[in-house]
Protein chains: 2
Amino acid sequence: METGDEPPARGLRARVRAEMVDEIKAVARRHLAAEGANLSLRAVARDLGMVSSAVYRYFPSRDALLTVLIVEAYDALGEATERAEAAVARRDLRGRWIASCHAVRDWALAHPAEYALIFGSPVPGYAAPPDTVGPASRTPAVLAVILRDAVAAGVVSPNRNERLPRALRADLKRLLADPRFAGIPEPVLARAMTGWIHLFGLVSFELFGRFNDMITDTGQFFDYQVRAMGTQIGL
Amino acid sequence: METGDEPPARGLRARVRAEMVDEIKAVARRHLAAEGANLSLRAVARDLGMVSSAVYRYFPSRDALLTVLIVEAYDALGEATERAEAAVARRDLRGRWIASCHAVRDWALAHPAEYALIFGSPVPGYAAPPDTVGPASRTPAVLAVILRDAVAAGVVSPNRNERLPRALRADLKRLLADPRFAGIPEPVLARAMTGWIHLFGLVSFELFGRFNDMITDTGQFFDYQVRAMGTQIGL
DNA sequence: TCTACATCGAGAGCACTGCTCTTGACAGAG
DNA sequence: CTCTGTCAAGAGCAGTGCTCTCGATGTAGA
């Protein structure tokens with residue numbers, strides 16, 4: 001029933017179970033990379049030398065397995081972005097922005113199937129479980145924190161003629177209740193959202209082949225776009 | 001083998017065949033809207049009161065059916081955008097931009113499954129056939145032509161300090177070989193591409209539920225974003 | 001008009017899928 | 001040393017894409 005929580009494993013049995021869960025996830029990830037979202041539980045079981053029904057001891061359904069992979073993909077992307085951003089000097093705000101964006105792209109290129117699983121079209125029946133929203137917000141949080149620091153450093157400030165729709169202001173105010181984002185003026189958070197949307201639009205377009213036969217050096221193009229976005233945001 | 005070309009249909013048989021093809025596509029579109037990309041040929045056949053193997057007289061495979069739906073979706077989106085843009089006074093360049101963007105969003109909201117089929121994650125095995133690239137370029141072409149007219153009207157002009165990477169300049173130059181885009185300076189076309197990426201990033205985020213529990217009035221937000229993009233581009 | 005051909009729908013069948021249920025083997029706890 | 005819970009295996013169900021064969025029927029040429 002469970003899908004591999006149970007911090008350290010109480011006994012021997014629990015440990016071999018946790019190992020089995022890890023193995024299933026690893027093989028499933030491999031299959032995902034090879035054949036995309038139409039993941040076959042039976043094929044995964046076959047690769048593990050067991051019969052399909054045995055997998056159901058560890059995951060109640062195929063969707064449950066996919067959900068776990070989705071959560072872990074969000075976390076992996078978030079962690080990769082956080083690490084890359086943390087490696088840049090705190091005062092180099094533009095550098096932190098650029099490094100974060102590149103980290104997202106690099107992770108996506110390294111794990112295209114998992115990226116597609118997350119940012120591709122959602123399966124119609126599939127409803128994102130609430131455990132995904134936390135990990136999913138890690139990456140945009142990195143971007144917002146950069147702008148928080150930029151505001152605190154006096155590098156970025158809201159523009160006088162930067163007007164926001166009423167409903168958007170209310171939404172932004174709600175987001176700003178998060179203590180991590182304290183001090184960000186609403187117009188600046190709006191810019192962060194714009195950057196966030198643009199960034200993932202860019203990565204998705206590249207990964208989903210929209211630049212094929214159009215842009216030769218996609219890495220250079222990405223860098224150009226990301227720098228322009230940084231300038232536009234005020235970094 | 002064929003998928004419904006043959007201009008007017010030579011005899012009675014050819015005509016009922018064309019009607020059958022249309023019916024299959026219509027039912028398939030309905031199923032797509034109801035259950036997403038995992039379209040079942042057998043279910044479509046069942047809805048049509050015939051057996052699955054009969055469908056193969058009209059489409060050689062499920063992928064072929066999907067490809068036709070993809071091409072037609074590209075065309076429908078392109079046409080919707082073209083019509084909306086054409087309805088705006090030629091000299092109202094900013095209005096043309098805004099109308100085009102809204103047309104894209106409106107079409108996507110009206111046909112979410114078809115939008116996901118086009119702009120969602122591509123099926124790994126599936127290779128986009130060359131017949132899709134033409135229809136796929138209709139929408140971005142609308143945006144580029146707006147900027148062409150804006151340049152011709154003197155409203156938009158390249159900025160002195162707008163520098164582009166070398167490889168990107170070569171790519172843009174190749175795109176500018178299209179006579180429709182004659183006269184657009186490379187930096188301005190780069191801005192159009194930025195707008196194009198941002199626009200579809202925005203629509204995809206909304207459609208794929210990324211704004212859930214975050215932005216309440218997505219229509220207002222979209223309008224705000226699109227206007228800001230227009231300003232950023234110079235319209 | 002009659003015949004030969006091409007096209008079509010139906011049905012059976014293959015290999016595959018997710019998932020359920022039952023059975024028998026085994027390990028850990030009392 | 002039982003007894004209980006966990007596990008892998010197998011059979012089975014309903015569904016899938018796709019192929020092949022077989023009659024029925026419309027179409028075109030003689």
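Every chain is numbered from 1 and lettered A, B, ... according to where its sequence line falls, protein lines coming before strand lines. We use all heavy atoms of the structure for the numbers below, so side chains are in, but hydrogens, waters and symmetry mates are not.
In this structure, A:Y58 reaches the D:dA8 phosphate: one of its side-chain N or O atoms is under 4.0 Å from OP1 or OP2. Remark: A:S40 is in phosphate contact with C:dG18, judged by side-chain N or O atoms under 4.0 Å from OP1 or OP2. The shortest distance between the side-chain N/O atoms of A:R46 and the OP1/OP2 oxygens of C:dT17 is below 4.0 Å. The phosphate of D:dA8 has neither OP1 nor OP2 within less than 4.0 Å of any side-chain N or O from A:R57.
In this structure, B:L39 reaches the sugar-phosphate backbone alone: every heavy-atom distance under 4.0 Å involves primed, P, OP1 or OP2 atoms, never a base.
Geometric assessment of A:R148 against the ring of A:F181 yields a negative cation-pi assignment under the 6.0 Å and 45° thresholds.
Rounding to whole angstrom units, CG of residue A:L48 and C1' of D:dA9 are separated by 15 Å. Straight-line distance from the OH atom of B:Y56 to the P atom of C:dG11: 17 Å, rounded to whole Å. Atom CZ of B:R62 and atom C1' of D:dG15 are 14 Å apart (whole Å). Computed from coordinates, the A:F59 CZ to D:dC7 C1' distance equals 16 Å when rounded to whole Å. The CD-P distance, from A:E19 to D:dA8, rounds to 13 Å in whole Å. Between the CZ atom of A:R17 and the C1' atom of D:dT6 there is a distance of 9 Å, given to the nearest Å. Distance B:L65 CG to D:dT16 P: 15 Å, rounded to the nearest Å. Taking atom CG of A:L41 as the reference point, atom P of D:dA9 lies 15 Å away to the nearest angstrom.
The side-chain contact (heavy atoms from CB on, under 4.5 Å) test with A:F222 is passed by exactly one of A:I215, A:D106, A:V203, A:L109: A:V203.
Distance from the side chain of A:M20 is smallest for D:dA8 among the nucleotides D:dA8, D:dG17, C:dG18.
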Hey, what are the protein-to-nucleotides 10-12 of chain D N/O distances that come in under 3.5 Å?
| unit_1 | atom_1 | unit_2 | atom_2 | d |
| --- | --- | --- | --- | --- |
| D:dG10 | O6 | A:S53 | OG | 2.7 |
| D:dG12 | O6 | A:R42 | NH2 | 3.3 |

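The minimum heavy-atom distance between B:D213 and A:R174, with the atom names listed, is O-NH2, 3.8 Å.
Note on ring orientation: taking the six-membered ring where Trp is involved, the planes of A:F211 and A:F205 are perpendicular (angle over 60°, cut-offs 30° and 60°). Ring geometry for A:F200 versus A:W196: interplanar angle over 60°, hence perpendicular rather than tilted (30 to 60°).
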Under the ring-ring contact (aromatic ring centres under 6.0 Å, His included) criterion, do B:F119 and A:F208 qualify, and how do the steps go? CA-CA 8 Å; B:F119 290 102; A:F208 298 166; 9.8 Å; no
Which pairs would a plain distance check flag for residues 41-50 of chain A, meaning a side-chain donor or acceptor within less than 3.5 Å of a matching protein atom at least two apart in sequence or in another chain?
| unit_1 | atom_1 | unit_2 | atom_2 | d |
| --- | --- | --- | --- | --- |
| A:D47 | OD2 | A:R30 | NH2 | 2.9 |
| A:D47 | OD2 | A:H31 | NE2 | 3.1 |

